Number of protein chains: 2
Amino acid sequence: MTKTILDRLEAQGLRMTDQRRTIAQVIEQASDHPDVEELHARANALDARISLATVYRTVKLLEEMGILDRLEFGDGRARFEDSQRDHHDHLIDMDTGEVIEFCDPEIEALQEKIARRLGYHLQGHRLELLGRKIKG
Amino acid sequence: MTKTILDRLEAQGLRMTDQRRTIAQVIEQASDHPDVEELHARANALDARISLATVYRTVKLLEEMGILDRLEFGDGRARFEDSQRDHHDHLIDMDTGEVIEFCDPEIEALQEKIARRLGYHLQGHRLELLGRKIKG
DNA sequence: ATAGTTGCAAAGTCTTTGCGGAAAT
DNA sequence: ATTTCCGCAAAGACTTTGCAACTAT
């Protein structure tokens, strides 16, 4: 079992504020890919005292701690997801913008193999497919 | 054999200006992943009358025409490469930031397969690996 | 009491755009 | 002659940051 985000913040000597508690909760409950504005909206629904700047700061902090993954789907803003979720990749529907998650062990293994072939230890990876729905 | 960027611009009824000629030349000669500022610098070395705004406009135009691919390596600015170059993916050296290109037919095929399995026609794809050099 | 956090607003970075002048067709 | 394009500077979108007030320890 993994430690909560809050435990990990405390372990680093960082202070437990209501803002961080709330933002952490929002992130842990999210199963999608919210951007900062969306995180701010969700956090504010729980506690109106949370500023956008604090969300930016917290998200940056969590990313540096490896708790959050930052994603960019090409629309200029960063999106986030809990890095403890099982690894998965994304397929983006070019017509609707919908993001479909998928995971394929074969492709994961292949990525490892390729990195090794190039003389690298794989530390992270991101695969994004762009597609259009097959009709019929 | 593929048409030049200039031919394709003309074919769309767009005007051939010195700026576009120069920017097209810079892009065709690039074998790396320049950002807009870098493209501007290279273009300006050939012709000082090219503004940054024009580079932005041209790059956007070329991207919409499918001539250029826009890449994002997570540092906030867009990078570009000629989309006519053989498809390849990128491995980013986490320590140096160096970008290594590679191509693996197996992984390409697998991507197609996955997209189809999800009910999609694959229109584009991007794979980025992050790694650290294996020592010894 | 002390050092870390926050909110606010200002500033930063990258990109887009309105406009009058310039150039391509 | 028209219509498109360019340079410039202003504006936009997203993100970061300086500072004084606040708060967890």
Side-chain angles (χ1 to χ4, degrees), chain A residues 4-27 33-41 43-44 46-65 67-80 97, chain B residues 5-27 33-65 67-80:
Chain A
T4 69
I5 293 177
L6 297 180
D7 287 340
R8 297 218 257 159
L9 286 171
E10 220 160 14
Q12 296 242 340
L14 298 173
R15 293 187 181 169
M16 293 316 315
T17 62
D18 288 343
Q19 285 87 340
R20 287 180 176 165
R21 262 186 277 271
T22 302
I23 295 169
Q25 176 186 345
V26 164
I27 289 166
H33 311 93
D35 59 22
V36 170
E37 199 179 312
E38 179 60 26
L39 288 175
H40 183 230
N44 257 306
L46 301 174
D47 178 348
R49 299 167 311 160
I50 298 174
S51 72
L52 189 56
T54 294
V55 178
Y56 271 108
R57 283 192 270 240
T58 304
V59 136
K60 188 173 199 176
L61 187 65
L62 295 177
E63 192 198 354
E64 284 163 357
M65 291 176 62
I67 290 173
L68 267 189
D69 283 339
R70 171 186 300 253
L71 306 172
E72 282 166 46
F73 293 149
D75 59 356
R77 54 211 147 143
R79 293 161 178 281
F80 298 89
Chain B
I5 293 177
L6 297 179
D7 287 339
R8 297 219 256 160
L9 286 171
E10 220 160 13
Q12 296 244 337
L14 299 173
R15 293 187 179 170
M16 294 315 315
T17 63
D18 289 344
Q19 285 87 339
R20 287 180 177 165
R21 264 185 275 271
T22 302
I23 294 170
Q25 176 186 346
V26 164
I27 288 166
H33 311 93
D35 58 22
V36 170
E37 200 180 313
E38 179 60 27
L39 288 175
H40 183 230
R42 293 182 195 176
N44 258 304
L46 301 174
D47 179 347
R49 298 169 311 160
I50 298 173
S51 73
L52 189 56
T54 294
V55 178
Y56 271 109
R57 282 193 270 240
T58 303
V59 136
K60 188 173 200 175
L61 186 66
L62 296 177
E63 192 197 353
E64 284 163 356
M65 291 175 61
I67 290 173
L68 267 189
D69 283 339
R70 172 187 298 256
L71 307 172
E72 283 167 45
F73 292 149
D75 59 357
R77 56 211 144 141
R79 294 161 176 283
F80 298 89

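Below, all heavy atoms of this structure are taken into account, side chains as well, without hydrogens, waters or symmetry copies. Note that the coordinates shown come from a computational prediction; the quantities given were computed from them, not determined experimentally. Sequence lines set the chain letters: A, B, ... in the order given, protein chains first and strands last, and positions in each chain run from 1.
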Calculate the interatomic distance between [X] atom [atom1] and [N] atom [atom2]; express it in whole Å.
X      : N       : atom1 : atom2 : value
E38(B) : dT15(C) : CD    : P     : 14 Å
R20(A) : dT23(D) : CZ    : C1'   : 12 Å
L52(A) : dA13(D) : CG    : P     : 14 Å
Q12(B) : dT4(D)  : CD    : P     : 14 Å
Q19(B) : dC8(D)  : CD    : P     : 11 Å
H40(A) : dT16(D) : NE2   : P     : 15 Å
E37(B) : dT16(C) : CD    : P     : 15 Å
L6(A)  : dT25(D) : CG    : P     : 11 Å

Please confirm whether the backbone N or O of [Y] pairs with a side-chain atom of [X], one donor and one acceptor, at under 3.5 Å?
X      : Y      : answer
R77(B) : V36(B) : no
R20(A) : T58(A) : no
H40(B) : I50(B) : yes
R79(B) : H33(B) : yes

Considering only heavy side-chain atoms of K60(A), the closest of dT17(D), dC6(D), dT6(C) is dT17(D)
Using heavy atoms and a sub-4.0 Å distance, could you list which residues of residues 72-79 of chain B are near DNA chain D? By number, please. none
I'd like to check [X] versus [Y] (side-chain heavy atoms, cut-off strictly below 4.5 Å). Are they in contact?
X      : Y      : value
I27(B) : L39(B) : yes
Q19(B) : D47(B) : no
L61(B) : L14(B) : yes
I5(A)  : M65(A) : no

Suppose we screen for side-chain contact (heavy atoms from CB on, under 4.5 Å). Which residues come up paired with R57(A), at least two apart in sequence or across chains?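 Expected list: A53(A).
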Check the phosphate of dT15(C) against Y56(B), side-chain N and O only, distance under 4.0 Å to OP1 or OP2. Yes or no?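 Indeed, a polar side-chain atom of Y56(B) lies that close.
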Considering heavy-atom distances to DNA chain C, does T54(A) or V36(B) have its closest nucleotide positioned more toward the 5' end? T54(A)
Base, backbone or nothing for each nucleotide of nucleotides 18-25 of chain C, written B, S, -, heavy atoms under 4.0 angstrom, 5' to 3'? B----BBS
